[in-house]
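Right, one structure below, let's go through it.
The structure presented is a predicted model; accordingly, all values stated were derived computationally and were not measured. We use all heavy atoms of the structure for the numbers below, so side chains are in, but hydrogens, waters and symmetry mates are not. Position 1 is the first residue of the sequence, and the numbers go up from there. Atoms within a ligand are numbered from 1 in the order they appear, just like the ligands themselves.
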Amino acid sequence: MLTTPSEISREDLGLNPELIRKYNQPAPRYTSYPTALKFKTVEDRSSRSALLADLEDAEGPLSLYIHVPYCRSLCWFCGCAKIISTNTALADKYLDYLEIEIERYASLVRSDRKVVQLHFGGGSPNFLSVSQINRLSRMLRRAFTFDEDAEISVELDPRTLSQAQVQAFVELGINRASIGVQDVNAKVQKAIHRIQPTETNAKTISWLREAGIGSLNVDLIYGLPHQTEESFKDTLEEVLTYDPDRLAVFSYAHVPWSKPAQKILERSPLPDADSKIEILIQTVEKLTGQGYAHIGMDHFAKLDDPMVKAQQARTLQRNFQGYSLHADVDICAFGMSSISQSQNAFRQNHKDLDTYYSMLDEGFIPLEKGYLLTRDDQVRREVIMRLMCDLELNFGERGKANGIDFDNYFAAEIEELKPLEEDGLLAFNDAGLAVTPLGRLLIRNVACRFDAYMGKGAQGFSKAI
Ligand SMILES: C=Cc1c2[nH]c(c1C)Cc1[nH]c(c(CCC(=O)O)c1C)Cc1[nH]c(c(C)c1CCC(=O)O)Cc1[nH]c(c(C)c1C=C)C2
Ligand SMILES: C[C@H]1O[C@@H](n2cnc3c(N)ncnc32)[C@H](O)[C@@H]1O
Ligand code: SF4
């Protein structure tokens, strides 16, 4: 039986840099299985229809994702799909196309499906002006029916946020917000090209709280230039004074082959692997000592947060937005590069804005890539997702849920997990296995044992720590 320990100490983690180094290998973040790297280019009309087919008669709740790619300036560490501009008018055109896409998509799904979740991500959704936010709100409400209790969340860049925008998002219905802080140290901020004074964060938090937003998340990154254990301790202490409900503390993913601007960071001193491990251990100790649970990987939430309750109830989910409370939803994602997910398929929109526009002009759903899950994919997806969320696996239950004899189906995988038990990442028990606090940090390296596509090459993925 898994418990969510309120405090995790260095000893619990079996601090052994050797061991962490051994397991800190590139592995997917499993926001999907198979990962987006497995998606196949949509070649023709029939493969597009095949990807859309399982939307046609599907029922059940919907989760919507809207990608707003614009940002006013470039953070050199950034791994997201974004376009840098200060020209707000660009977003008018973007909204014109989002409107086409939303209407075209909505005509494919049953009109009695209710939206239980809506997330605005980016880029920076607060690149939009107040009137643009209002317009987006109208088009979503026109196309879809929202559940009264829908969870509506937005990612905000505090540096460019106004109180009027907060108000507009509140009128749209947001009840959760996530703000990018990354690091509060001035030297680090200069090195990453993101100057964000403390007062800016404080003002943002107070606007959001005053507006009645009950759930706030703060994003931080460790592994950035000039960061040390000492400097990151200050960042954590400062951010804890904001009293966020959730924290995401990401390991800096250095992928200069896909994000060339990250090469600029190579000119500054980056913490080495051992310092990153120290920073992470300190983070887990500090946050779990201050009333946060370690959900797994990079996520922390207050002990009374619904996310912690969902984890205890084994109902937590994992998708492209990270961890989520909504089970059995189809994700309909709109905008450049966004990824949709339904029972049997993943669909990704074009990552190039002009192509995204021209596909919509030509009357299509602007898909670039997609993937139809095989039966084996579905089994493995279920097992990997439960492991990532529950931090344990009940072999009997997983077998039953997937109509397989688990021990038989995964005999080779179970064998491969034995060395991980010896190294203290997990423990086998009568029912199956449970991940240890050390294993939580390396959960993607545990999960990838169930990934049929990992093989020898894990190219393109970042390391866990
Ligand atoms: C706000 C921007 C986003 C971040 N992640 C995503 C978005 C929209 C979603 C996303 N992240 C990844 C994929 C690919 C599919 C997958 O592997 O599940 C998608 C659709 C993975 C990913 N994210 C980063 C890298 C380097 C990779 C690929 C390799 C890997 O799995 O490690 C960088 C990165 N981007 C974001 C974060 C938080 C992050 C790393 C911590 C934001
Ligand atoms: C959405 C969140 O993703 C995080 N983020 C953006 N780019 C990277 C990267 N290269 N590595 C790790 N985290 C990143 C930031 O913390 C941002 O706020
Ligand atoms: S971190 Fe946020 S604000 Fe910075 S470039 Fe990336 S998406 Fe834009």
### Aromatic centroids of Tyr292 and His294 separated by under 6.0 Å
no

### Between Asp183 and Gln196, a side-chain donor and acceptor under 3.5 Å
no

## Note on the structure
Nearest non-hydrogen protein atom to atom 3 (S) of ligand 3, with distance, is Arg159 NH2, 3.5 Å

### Query
Under a heavy-atom criterion of less than 4.0 Å, does Lys259 contact ligand 2?
no

### Query
How does Phe77 reach ligand 2, if at all, at less than 4.0 Å between non-hydrogen atoms: by side chain, backbone, both, or neither?
both

### Query
Does any donor atom in the side chain of Ser342 or Arg347 lie under 3.5 Å from an acceptor atom in the other side chain?
yes

### Task
Using non-hydrogen atoms of the residue, decide whether Glu155 is closer than 4.0 angstrom to ligand 3.
no

### Query
Which ligand 2 atoms, with their elements, are less than 4.0 angstrom from a heavy-atom of Gly79?
6 (C), 7 (N), 8 (C), 10 (N)

### Query
According to the interplanar angle, ranging from 0 to 90°, do the rings of Phe346 and Phe39 count as parallel (below 30°), tilted (30 to 60°) or perpendicular (above 60°)?
parallel

### Tyr65, Phe144, Phe334 screened by ring pair (Phe, Tyr, Trp, His ring centres under 6.0 Å) with Tyr105, the one that passes
Phe334

### Message
What I want to check is whether the side chains of Gln132 and Asp92 have a donor and an acceptor closer together than 3.5 Å.
### Response
yes

#### Entry: N/O/S atom of Cys78 inside 2.8 Å of atom 8 (Fe) of ligand 3, strictly under
no

### Query
Using the ring of each side chain (for Trp, its six-membered ring), is His299 parallel, tilted or perpendicular to Phe250, with breaks at 30° and 60°?
perpendicular

### Query
Which ligand 2 atoms does Cys78 reach within 4.0 Å, using its non-hydrogen atoms?
7 (N)

### Query
Do Arg444 and Ser462 have side-chain atoms, one donor and one acceptor, less than 3.5 Å apart?
yes

### Query
Among protein heavy atoms, which sits nearest to atom 8 (Fe) of ligand 3, and what does the distance come to when rounded to 0.1 Å?
Cys71 SG, 2.3 Å

#### Entry: Any N or O of Cys80 closer than 3.5 Å to N or O of ligand 2
no

### Message
So, applying side-chain contact (heavy atoms from CB on, under 4.5 Å) with Tyr33, which one of Met388, Arg380, Arg318 is it?
### Response
Arg380

## Note on the structure
ligand 2 to Gln262, heavy atom cutoff 4.0 Å, flagged ligand atoms 10 (N)

### Message
Judged on heavy-atom distance to atom 2 (C) of ligand 2, which of Asn217, Asp219, Leu224 sits nearest?
### Response
Asp219

#### Entry: Residue Phe77 vicinity, atoms of ligand 3 by number, heavy atom under 4.0 Å
1 (S)

#### Entry: Best match, Arg194, Gln196, Lys259, Lys82: closest heavy atom to atom 2 (Fe) of ligand 3
Arg194

### Message
As an exercise, identify every atom of ligand 2 less than 4.0 angstrom from a heavy atom of Gln182.
### Response
15 (C), 16 (O), 17 (C), 18 (O)

### Message
Quiz question: by atom type and distance under 3.5 Å, do the side chains of Glu238 and Thr198 form a donor-acceptor pair?
### Response
yes

### Message
Looking at atom 4 (Fe) of ligand 3, is there an N, O or S atom belonging to Cys75 that lies under 2.8 Å away from it?
### Response
yes

### Message
Applying a heavy-atom cut-off of 4.0 Å, say which part of Arg72 lies close to ligand 3: side chain, backbone, both or neither.
### Response
neither

### Task
Take every heavy atom of Ser251, measure it against each atom of ligand 2, and state whether any distance is under 4.0 Å.
yes

### Task
Assess Gly123 for proximity to ligand 3: is some non-hydrogen atom of it under 4.0 Å away?
yes

### Task
For Asp157, counting its heavy atoms only, list the atoms of ligand 3 lying under 4.0 Å from any of them.
3 (S)

### Query
Does a side-chain N-to-carboxylate-O contact under 4.0 Å join Arg176 and Asp245?
no

### Query
Does a donor on one side chain sit under 3.5 Å from an acceptor on the other, for Ser251 and Lys276?
yes

